Every structure is written in structure tokens, then in C-alpha cells.
Amino acid sequence: MKTNMQTGVKEIARRANVSIGTVDRVLHNRTGVSNTTKNKILAIMKDLDYQPNILARRLASKKVLRFASLIPAVSKETEFWDAPIKGIEMAEAEIKQFGIVIDKYFYDQNDKQSFVNQTKNILKAEVDGILVAPIFIEESLAFAKLCNLKKIPQVFINSDIPNESRLSYIGPDLFQSGHLSAHMVNYLVKEGDKILIVNISKEIDSYHHLSRKEEGFRAYFKAHEKQVRIVKTDITPDTDYLSVAKRLTEVLSEHTDVKAIFVTNSRVFSVAQFLEKTNQEHVFLVGYDFLPQSIEHLKKGVIDFLICQKPQEQGYKGIMALYQNLVLNGEIEPTYYMPIDIITKENYKSYRN
């Protein structure tokens, strides 16, 4: 029979027919207990609705737990990464009373070496858990393997690493977000119409999340057997507005009949700026993320839809997943997909990032 009152360790030990020390080892996730006994104790705790006094336990241990976050720094190109850091700080404010410190590391999303340098700094610091946004695939895989060897749990946000073990991934289903973007474009285009996919990044080949969105976008039309003409341009390695404008001028001069443009990341505002300056606002435009620059173009109707997947909440949930695992010994969902939000000029005022 469940009770809301805190049940003592003695009662759990009595029911499990084990010593108090054995229960204590399970509570603190220490070794020396067989899986059969551990599962029996956990089942009794669940049946009794046992809620250990986490605060008292953490304060008594006097051991500081160190988490590390590793995400791109906010840059002139995009303010996207300001949202996850706010989420990390929100989680930090909630759990710091339990003796948990979060060390924040940042890297240049256009510089692989800056990512590698920060991973080395983190490993030297001997942290207990890591939240990381793994933009560069090979470098992120190498870092993940080193963390696994050291038995450091990792939570990924925003982009997952394929075929790699981790505690949890919290972020968008990249393929489905691309699929949804195509679904929206489909309402506008007819058989034979031309659609332009735009990838804007200094490191196109390293950006797994861009390619997965593109795959999802193309897969929609293939699955629905709609014969549209899809062309693509990669704007790399220079991603400033003048470089974007130059490349779009070339592409749209060659393909004058483009009906819709799908931009695979938050730099959609650069494309919107170009369309507005060249009086091509009639082209249907879909892109990503709830950024001030993009919202301005959304309000004007230059951007038709923005796909948003709560980056602030990703940062918050990522840290809390580490807390649940390392402090509460709780089970963590290996994959937690964020909802896919569609933002328009009609609903942007009520959207909470």
C-alpha cells in the first residue's frame, strides 16, 4: 500500500530481508549488490513511494558534483545559442543547493579545433557528467568515446550522434522536421514546380543536422510521389550576408522559376533579407528558429513559416537529465524528441521559446 510519508531505510531493509548497508548501497548507486537484490529493493521503494532526502544526503556527503556544458558561443551570425545557455542557467539555479556546480565551456561553431581544445579542457577537469551540442561529427564521436572510457555520462542536445552510446539525446527529430517543412511547402507547389534547398554553413560536411533535415524534406515528396524539381545550393565557407546574397543571385538567375525556398538552419533571416532587398518576397520561404532577425521578417511576411523546437528547454532538460541520473539514480529516456512548433506572423507573439 503506497504512502506519501517518507518510509525509513530500516523498513525497506526489513521487507527485502537485507541489511541497512545493502539498501544504502542501492540508494547511492554503489557496487556490491547483485542485480536481483537491487531490483527487489528498488521495487519495494517504488511500492512504498519512498522519497529519500536528497538535500540532506548531498549536504552530508560534502562532495561537489561537477557538470560541464559544451555548446557553441553566441556569434554575430546567429543568436541561437543564447537560448540553450539560458536553459542551462535555469537548471543550475534549481540544483546548485545540492552541491552541484556547472562549468560552462563554449566553442566556435565554425572552428573544429576550438571544439577539440575545449573537450581536452573538460577531460582534464574530471567532471561527473557532460551536456554537449555535438555539431562536428568526427570530433564529437572521438570525444564521446573518451567519455565512455572514463564512464562519464553524456547528454546530447540539438543534434544527435548516429550510432554512438550516450545517456540521452534531447532535441529535435531532424528528419521529421525536414519532413514537416516539405509538408508545408507542398500546399503551395504544383507538379513540376521548382524548390530550392539552401544550406548555409562553414562546415557543410560536418553538420549532421543539416543533412538529416534535407533528407527528411526530400523523402516527403518521394513518399507522396509528387514530381517537383528540387535544386540545392551550399553556401560555404563564407556565411556573411554579402556571401549569401552573391550566391543566391547566381542561383536564382539560373533558376528563375523557383517557387519555394527551404533553409535548413537559423540563417534563414539572411535569405529573407536578400529576398526583401531584391523584391522577391513572393517566393515561399521556410526556415528555423525563433530569433529576433527572423521574427522581423516573419512579421513582414517575407518568411512564411519558422520551425522551432525550444532550444532553451533543451538546455534545461539536458542538465536535469544528468541530475536525475547522477543524484536521484533515476531512469532517463534515451531519446526525448522536442515538439515541432510551427511559428507564423499570426502566433509569434504568444510563443514561448
Side-chain angles (χ1 to χ4, degrees), residues 71-84 107-112 114-115 133-137 158-159 171-172 174-175 177-178 180-182 184-185 194-218 230-255 258-278 280-281 283-298 302-309 311 343:
I71 66 175
V74 175
S75 67
K76 292 181 179 179
E77 292 176 298
T78 175
E79 298 176 19
F80 173 83
W81 293 102
D82 183 53
Y107 64 92
D108 183 344
Q109 63 182 328
N110 297 317
D111 182 2
K112 293 180 182 179
S114 72
F115 176 85
I135 284 182
F136 304 113
I137 296 178
N158 195 60
S159 181
L174 301 169
F175 184 90
S177 73
L180 175 64
S181 298
M184 290 187 292
V185 169
K194 189 174 290 184
I195 302 168
L196 173 64
I197 297 176
V198 180
N199 294 316
I200 305 174
S201 172
K202 290 183 181 294
E203 296 280 354
I204 293 291
D205 293 337
S206 298
Y207 276 46
H208 168 68
H209 65 286
L210 301 187
S211 62
R212 284 296 287 164
K213 292 172 185 175
E214 181 182 333
E215 288 170 12
F217 189 88
R218 291 178 181 273
I230 297 179
V231 295
K232 183 184 78 166
T233 185
D234 293 336
I235 302 178
T236 184
D238 297 319
T239 59
D240 59 280
Y241 172 71
L242 291 179
S243 299
V244 171
K246 178 182 178 183
R247 182 59 187 146
L248 288 177
T249 298
E250 295 169 350
V251 173
L252 294 178
S253 294
E254 180 181 355
H255 302 280
V258 166
K259 299 294 184 182
I261 298 176
F262 170 52
V263 184
T264 56
N265 63 9
S266 63
R267 291 179 175 85
V268 63
F269 59 82
S270 294
V271 178
Q273 185 178 349
F274 171 80
L275 294 179
E276 184 177 21
K277 286 188 175 182
T278 55
Q280 299 183 74
E281 297 99 321
V283 178
F284 192 84
L285 181 59
V286 179
Y288 283 85
D289 300 322
F290 197 78
L291 301 182
Q293 307 99 306
S294 295
I295 295 302
E296 287 303 310
H297 290 293
L298 188 75
V302 184
I303 295 176
D304 294 278
F305 294 105
L306 286 173
I307 304 297
C308 305
Q309 295 182 293
I343 311 304

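Remember, predicted model here, so these are calculated numbers, not experimental data.
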- Message: Quick check: do Lys213 and Ser181 have side-chain heavy atoms less than 4.5 Å from each other?
- Response: no
- Value rounded to 0.5 Å, distance of OG in Ser294 from CD in Gln273: 11.0 Å
- Checking Thr236 side chain against Ser201 main chain: does a donor-acceptor pair fall under 3.5 Å? yes
- Item | Side-chain (Asp304) to main-chain (Leu285) donor-acceptor, under 3.5 angstrom | yes
- Message: Side chains of Thr249 and Phe274, heavy atoms from C-beta outward: is any pair under 4.5 Å?
- Response: yes
- Message: Taking the side chain as everything from C-beta on, heavy atoms only, tell me whether Val271 gets closer than 4.5 Å to Ile200.
- Response: yes
- Item | Closest non-hydrogen atom pair between Ile71 and Pro84, with its separation | CD1-CB, 4.2 Å
- Query: Do the side chains of Lys259 and Lys194 get nearer than 4.5 Å, heavy atoms only?
  - Reply: no
- Query: Who passes salt bridge (charged side-chain N to carboxylate O under 4.0 Å, His left out) against Glu79, sequence neighbours left out?
  - Reply: none
- Between Phe136 and Gln109 the two heavy atoms that sit nearest each other are CZ-O, 3.2 Å
- Looking at residues at least two apart in the chain, or sitting in another chain, which of them share a ring pair (Phe, Tyr, Trp, His ring centres under 6.0 Å) with Phe80? none
- Item | Polar side-chain atom of Asp289 near backbone of Leu291 as donor-acceptor pair, under 3.5 Å | no
- Message: Test of understanding: with side-chain hydrogen bond (donor to acceptor under 3.5 Å, both in side chains), list the residues that count as partners of Thr264, not counting sequence neighbours.
- Response: Asn199
- Item | CD-CD1 distance between Glu296 and Ile303, expressed to the nearest 0.5 angstrom | 10.5 Å
- Message: Which residues pass the salt bridge (charged side-chain N to carboxylate O under 4.0 Å, His left out) test with Lys246, not counting sequence neighbours?
- Response: none
- Verdict with supporting geometry, Leu252 and Leu196, side chain to side chain contact (heavy atoms under 4.5 Å, CB included): CA-CA 9 Å; Leu252 294 178; Leu196 173 64; 4.1 Å; yes
- Message: Quick check for you: to the nearest 0.5 Å, what is the distance between Ile235 atom CD1 and Lys202 atom NZ?
- Response: 12.0 Å
- Message: Any heavy-atom pair between the side chains of Ile230 and Phe262 that's under 4.5 Å?
- Response: no
- Message: Are the side chains of Val244 and Val198 in contact, using a 4.5 Å heavy-atom criterion?
- Response: no
- Validation row: Arg218, Ile197 side chains within 4.5 angstrom (heavy atoms): yes
- Query: Yes or no on side chain to side chain contact (heavy atoms under 4.5 Å, CB included) for Ile295 and Phe290, after CA distance, side-chain angles and deciding distance?
  - Reply: CA-CA 7 Å; Ile295 295 302; Phe290 197 78; 3.5 Å; yes
- Task: Output all residues satisfying salt bridge (charged side-chain N to carboxylate O under 4.0 Å, His left out) with Asp82, sequence neighbours left out; order by chain, then residue number.
- Result: Lys86
- Task: Give a yes/no verdict on a cation-pi contact between Lys232 and Phe217, requiring under 6.0 Å between NZ or CZ and the six-membered ring centre and an angle within 45° of the axis.
- Result: no
- Report yes if the side chains of Val231 and Glu254 come closer than 4.5 Å at any heavy-atom pair, otherwise no. no
- Task: On the 0 to 90° scale, with breaks at 30° and 60°, tag the Phe305-Phe284 ring pair as parallel, tilted or perpendicular.
- Result: tilted
- Item | Residue list, side-chain hydrogen bond (donor to acceptor under 3.5 Å, both in side chains) with Glu215, at least two apart or on another chain | Arg212
- Note on the structure: The reported gap from CG in Leu248 to CD1 in Ile261 (rounded to nearest 0.5 angstrom) is 6.5 Å
